[in-house]
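Computed from heavy atoms alone, side chains included, the values below leave out hydrogens, waters and symmetry copies.
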Amino acid sequence: DTAVSQTPKYLVTQMGNDKSIKCEQNLGHDTMYWYKQDSKKFLKIMFSYNNKELIINETVPNRFSPKSPDKAHLNLHINSLELGDSAVYFCASSQWDRASNGYTFGSGTRLTVV
Amino acid sequence: GESVGLHLPTLSVQEGDNSIINCAYSNSASDYFIWYKQESGKGPQFIIDIRSNMDKRQGQRVTVLLNKTVKHLSLQIAATQPGDSAVYFCAETRRASGTYKYIFGTGTRLKVLA
């Protein structure tokens, strides 16, 4: 019944590795997002996709590459992980052209780079 | 960079008292505002929203006030309960690339004392 689900919930990896985080939503929304939350709880948008098309791409290192195989999925691949990538990554979804009721967020993926 | 509410303060209130959480936003062109609640280990959850053509909106035990003159938003929680303990974020919404982009504040931690 989970509306926006992310996997894995926790991810511990070494510097230099490549990892992926997956996100799926079953709400029928057509827009999905990745947000990064740092240790001070600050939430910052990274990417947004609408119907598999990239529409928001904030200033994010090109080591981060989102992929949307369909409008219900938005995955995040990170190459050459660095210590500063440690954070909680949230996936969210919404309906295009409707700000009402905001986003529905997933429960987050805590990434720890050691 | 863009920011809403630069600090992460902590607000401690006695159970049963009313709580007021404040937020300053940066862009006078923002036309929609949302309060989110984030409990430990979970993603942000929608609480209440308000459009820029309103100055007050009430929900169940929560009221949001908007003062566009000073770009200030507040969330009032009546009869605060232990389950209200969480980090609260305000978010302003701007239209970007055809969709709505949320700019989050850094949040306020609410601690409810028994």
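- Cluster annotation: B:Leu73 is connected to B:Ile21 through the hydrophobic network of ILVMFWY side chains, with a link wherever side-chain heavy atoms come within less than 4.5 Å.
- Proximity to chain A (any heavy atom under 4.5 Å) is shown, for B:Gln45, by neither the backbone nor the side chain.
- Side-chain rings of A:Tyr33 and B:Tyr102 stay apart, their centers remaining 6.0 Å or farther from each other.
- Within a 6.0 Å sphere centred on CD of A:Glu53, heavy atoms belonging to other residues, nucleotides or ligands number 12 at most.
- B:Leu65 is not connected to B:Val62 by any chain of hydrophobic side-chain contacts under 4.5 Å among Ile, Leu, Val, Met, Phe, Trp and Tyr, and they are in different clusters.
- With a 4.5 angstrom heavy-atom cutoff, A:Gln37 touches chain B only via side-chain atoms.
- A continuous path of ILVMFWY side-chain contacts below 4.5 Å connects A:Ile78 to A:Trp34, so both sit in one hydrophobic cluster.
- Both A:Phe64 and A:Val113 are part of a single hydrophobic cluster, where members link through side-chain heavy atoms under 4.5 Å apart.
- Residue-environment remark: CE (B:Met54) exceeds the threshold of 12 foreign heavy atoms within 6.0 Å.
- Close approach to chain B, defined as a heavy atom under 4.5 Å from one of its heavy atoms, is seen in no residue of residues 81-89 of chain A.
- Residues A:Tyr35 and B:Ile34 are members of one and the same hydrophobic cluster, defined by side-chain heavy-atom contacts under 4.5 angstrom among Ile, Leu, Val, Met, Phe, Trp and Tyr.
- Few gaps surround NZ on B:Lys68; more than 12 heavy atoms of other groups in view lie less than 6.0 Å from it.
- Put simply, the side chain of A:Tyr103 never gets that close to the backbone of B:Pro44: no donor and acceptor are under 3.5 Å apart.
- Panel note: side chain A:Lys41, backbone B:Phe89; no donor-acceptor pair is recorded below 3.5 Å.
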